[in-house]
2 protein chains.
Amino acid sequence: MSGSLTVYPMGGLGEIGLNCMALRTEQTMVLIDCGLMFPEDFLYGVDVAIPNFDFLLENRHEIQGIILTHGHEDHIGALPWLLPYVNAPIYSSRFTLGLVESKLREHGLDKYADLRPVEARERVEMDDLAFTFFPVCHSIIEGFGLGIETPVGRVVHTGDFKIDRNPLDGHATDLEGLARFASSGVTLLFSDSTNAEREGYSLTERETKLRLRELFAEAKSRILVTLFSSHIQRMQEIIDLAFDFGRKVGVSGKSLLRNLEIAQELGLLRVPHGVILPLEEVTQRPDDEVVLLVTGSQGEPLAALSRMSQGEHRQLAVQEGDLVIMSSRFIPGNVRAITKVINRLYKLGAEVLYESIAAIHASGHAHRQELRIMVDTVKPKFFVPVHGEYRHLVKHKRLAVECGVAPERALVVEDGQPFTLLPDGELRLEDPLDATVTLVDGKGVGDVGQTVLKERALLAGEGLVIVLLVIDENTGEITLGPDIVSKGFIFEQQYSHLLEDAKCIVLEVYENVPPGNLKKLKERLRSSLRRFFRKVLERDPVVVPLVISL
Amino acid sequence: MSGSLTVYPMGGLGEIGLNCMALRTEQTMVLIDCGLMFPEDFLYGVDVAIPNFDFLLENRHEIQGIILTHGHEDHIGALPWLLPYVNAPIYSSRFTLGLVESKLREHGLDKYADLRPVEARERVEMDDLAFTFFPVCHSIIEGFGLGIETPVGRVVHTGDFKIDRNPLDGHATDLEGLARFASSGVTLLFSDSTNAEREGYSLTERETKLRLRELFAEAKSRILVTLFSSHIQRMQEIIDLAFDFGRKVGVSGKSLLRNLEIAQELGLLRVPHGVILPLEEVTQRPDDEVVLLVTGSQGEPLAALSRMSQGEHRQLAVQEGDLVIMSSRFIPGNVRAITKVINRLYKLGAEVLYESIAAIHASGHAHRQELRIMVDTVKPKFFVPVHGEYRHLVKHKRLAVECGVAPERALVVEDGQPFTLLPDGELRLEDPLDATVTLVDGKGVGDVGQTVLKERALLAGEGLVIVLLVIDENTGEITLGPDIVSKGFIFEQQYSHLLEDAKCIVLEVYENVPPGNLKKLKERLRSSLRRFFRKVLERDPVVVPLVISL
C-alpha cells in the first residue's frame, strides 16, 4: 500500500447530532454527512447549531464530493450553510436527495446543488477513493452504510443503522454485502454508538406494526397518530392498517405532507386509491373510519397535535374517546413539552399511548447485540465509534474490544481530533482542529458567541433596568432625569416606591462623583443600583446607565 | 352523621410537586402538606413556584394545624412563604420536623414555628377532626399516611408511599394499621398517583442494596456515590456496605452533611465508629478503602459531583478508575445537565453507573400492583387520586374503579376545585378557587407575573436594542444621537455597518414624523427598526426608543 488517509471528525463524535466527517487523501477530500443539532441554548434565540466549517472552508477546493448516509436532520441539516461555499456533487439515495432538495429550496439554494442519486450497492469513484452504498435498516428509508476503498485499505462507515433480520418490505441492513466487501480485510470501522448502552436487540418494525394492528383492531374511536415526519416506513404501516380496517387517512402538518409527497413521487410509498383523503372529507366520516396523521411527536408548540390539544387547530378538534398514538421516542429535552400536550389531550377526553407505556415505537439504532454483529461481520483492524456522546463512544469501544479488536486499535476520538492511517499500517493523531460548534440565529451564523449568549442569559434571568440622566455640559447640573425604564424586571406599577428609591440613589451617586467624569459616574450608577436591587429584592438585573452631557 | 367536610386541593392534583390541601369542617381547618415545585420557567430567574395561598390567607385564623406527611421539598418547601402569615402548630415525624426546622432557620423563621413531633400511630385531635399517623415506606424515612376521622366518616390520605412487604430496617407501610383504621368503613381515599402508569411492583431497597453490595464486592477502585440528599435509608445502606467492605466514607455537599447530622442527632442513622471520616483523611487512604458520598445527583452545577467533573472541587478530584454510582432517578428536566456530568466523568477515566443501566435506584412511589393493594386495603366509598399530572390522575382513577370503587365516586379533581362530602353521603363540587401558582424570584413573591416573564422571554430570545435621541424642544432639531446600545443582540464590533444603517433609519423616521409628536416618533422608531432587523438578520430584538425633548 502507498499513500495515507486522514480522517477529520467535525461532529457526532461526542454528541448525538451534528454528524460530519471528512476523509482526505493526497489526491482528494470527501465529506460524509453534514448534520445539525438543536442546541440546549435554543432558549436564547439560537435556531440550530452546525459543525465548525473553518477547516472545510479553508480547503474547500479539495472537496470532491459530499456523501449523505441518510436524510435525517442530524446528517443533512447543515448543508444550507455549507453549500454556498462548497461546490461539490452530493451523492445519496433518491429519497435522501428528495429531502435535501426540498430543504435547499426553502433556502433558495436548490438551483446550485448538483444532486447525484445512487442505487443500492452502486460504486462511486472519486480519485483514489471509492464508495459503495450498502442499504441499512434505520428509522428512515433509503439509508446507506458505506464501503470505502482507500489507499490504506478498506474502511466501513455504518451510517445510522440497526439490524432487522426479518424486516418488513425488505428494509434490511445488507450484512451480506458488507461481509463480502469486508472479506478482503477492513482497516477501519466507524460504527453508530447511539444505543451502545442498550442490551440485546432493538424492537423491530414488525413487532411495532403488530402492536399497532392490535390497537387498530380494538379501536372503536378515531385514531390519531403522530410520528417522526421522515419515518416513511412507519407511515406505510399506518396506511396499510388503515386500509385493512376500512379507515381513511387525513394528514395535517407541513413536514408530513411534504415528506409524503416526496416518498410518493419516488414510488417509495404505496397508497391504495382513496385511502388518503383531504382532511375535511375524513372528518366527515364515522369515528371508526378515521385516522388522522398529524405532526407534533415532540410537543412542538406550533405542530398540529399541540394546537389540537389547545383547541387552536383550524380544521381539527380532539373528540372525547379519540385514541392518540404517539409512535415515536421522547427526545430528552422535549419531555416537558410532550407531557404537557398529553395531559391536555387527557383533559379533552382522549386516550394517549406512548413509548413508555406501549410498544408502539422501535428505535432506529442498533442495540448491543446488533453492534456486536456489525463488528463480527466487518472484523476491522481499527475501530472508531461514531454518533454518540462520550459515554456511548467509550462503551462502544469496549464492546469492539470484547469482539476481538485489539485494545490499542479501538479508539475514542472526539470532534476536532484528526488522525491518519499511514502506509505502514499504523495510526497517527494529528493536531486538533477547532471543533467549537457554530450557532445560527436567524441569518447570523457564528456571530452569536459566548458574550452575546451570556448577555441574553442575564437579561432572561432578571431583566433590565435603564437609567437615563442628562447633564448640562457647562454647569454640570442635571437637566433631565433621572428616569428609569425597566423590562422584564418588575411590574413597575406595583413597585413605584422602589423606583423612587432607585432615583434617589442615582442622585446621591451623581452628587458624590466629581463633575465631568462620566465614565466613573456610569460605573458607580451601575454598581450602586445593582447593590440596591440585590438588597431589597435579591435580584440582579442588567443595569444600563445612559448618561448624556449636553 | 352530621356536619360536612370540604376539601380544598391547592397543589399536586395536576402536577408532580406543590402538594398542598386543606380540610375544612364547620369547626376547623387543617392543612395537609405545603410543598413547592421547581418550575419550567426557572430559566427566567424564577427560583421556585409555590401554591396560590390566597384562600389560606383569607381564612388564616381558621387554620388549626399543619400536617406534613414527610420531609420532601414538594411537601414542605413552601412553608417559609406561609408561616409568616399563619400561626398554627406543625405536626409531623421528628425527622421531617428536623428538616423543616433547618429550612426555617435559613429563612430566619425558626423562632416562631410551633413544631410538634408525633410518633407512629399517634392520634392527634383538632376539634371535630382527628389524625392518626401511619408509617409509610417512601424514599425518605419517617413518612406518614394519614387516617382522618371527620364528621362525614373516615378519610385516608396515603401521602407518598410504596409497599415493601420485606423491608430493610422495618421501613414498611403499615398496611395492618390502615386496614384496622379502615375496618369500620372509609368514606374517601386520597392516594399517590406518581407511578400510576407503571405496571407491577416497584423495586425494593433490599434489591437495590443487593446490587450495591455486588458493586462494592467487585470494586477495586474508589467508590463515589450520589443520591437524593434526604434519602437517609439509602445512605444507611452505603454506610453499612462501607463498613462491611472495610471502606471509610467521606461526605461532600452541604445538604448531605446537614441531613446526615439531623438523622444522626435523632438516632435515625447508625454510623459505626470511625466509618465516616473527614474528607482529607478519607482521601489519604488506599483507593479500595474509600467511599465518597457527594451531592449532585441531578447534575446541579454547583454540587460536588459536577464541580469534581470539571476539576473545580477544592478538595476532591476524579481519579482514573473511580466508580461513580448515581443512586437516584434522573428528573426529566435535568437529563441534559446530568448526562453532561456523566460524559465529563468518563473523560476523566471514571466508570459511571446510573438507573437506566443498573438497578441501583428504587422509586419511592407505588407501582400499579401496590396501588391496587392500597385501594383493596382501604375499600373507600369515594376515591380521589392525588400527587400526579392529569394523565396519572386519570389512570389512577381507572385503577380504583377496576378495584371496585363505583365509577361515579372515583373523581379526577384538579387544583382549585374544592368539593364537599355532605352529611347525606353525597359529594358536591364547590366554586373553584384561583389555583394559579405563585412564582418566587428573590424576595419578590407573586410579583413576577406573565407580563414580566414574557418580557424576559423576549429579551432572552433576541436581546435588546436601545435607541437614544435628544431633540431640542424649541427647534425640533436633533441635539444628540441617534445612539444605539445593544445587549445580547449582536456582537457590536462585528456589525458596526448594521448599526450605522440602523442610525440612518432612525434619522429617516425622525424626518417623516411631524415635530412634537414624541409618542408617534417612538412607535415608528420601534416598528421601523424591528422591520429592519427582521429583514437583515431575521431577528426580532426588544427595541427601546428613548427620545428626549430638551
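Per chain, numbering begins at 1; letters A, B, ... match sequence-line order.
- For the set B:Glu15, B:Arg398, B:Glu199, the count of heavy-atom pairs under 4.5 angstrom toward chain A peaks at B:Arg398.
- Of the residues considered (B:Asp540, B:Ile466, B:Leu458), B:Ile466 shows the highest number of contacts with chain A, using heavy-atom pairs under 4.5 Å.
- With a threshold of 4.5 angstrom between heavy atoms, B:Val412 does not approach chain A through any atom at all.
- Listed here is the closest heavy atom pair of A:Val335 and B:Pro332: CG1-CB, 3.9 Å.
- Atom-to-atom distance recorded for B:Tyr390:OH and A:Leu345:CG is 11.5 Å, nearest 0.5 angstrom.
- If you measure heavy-atom distances from A:Val485 to chain B, the contacts under 4.5 Å come from the side chain alone.
- B:Glu389 meets the side-chain contact (heavy atoms from CB on, under 4.5 Å) test with A:Thr339, A:Asn343, B:Ile16, B:Arg391, B:His392; sequence neighbours excluded.
- The salt bridge (charged side-chain N to carboxylate O under 4.0 Å, His left out) analysis of residues 450-470 of chain B, with sequence neighbours excluded, yields the pairs B:Asp441-B:Arg456.
- Looking at A:Phe489, only its backbone comes within 4.5 Å of chain B, counting heavy atoms on both sides.
- Interface remark: B:Val544 contributes side-chain atoms only to the contact with chain A (heavy atom separation under 4.5 Å).
- Here the shortest heavy-atom pairing between B:Tyr354 and A:Lys395 reads OH-NZ, 3.5 Å.
- Here B:Lys347 is the residue among B:Lys347, B:Glu197, B:Arg344, B:Arg198 with the most heavy-atom pairs under 4.5 Å with chain A.
- Here the CG-CD1 distance, from A:Leu468 to B:Ile548, works out to 4.0 Å after rounding to the nearest 0.5 Å.
- Contacts between B:Phe533 and chain A at a heavy-atom distance below 4.5 Å are absent for every atom of the residue.
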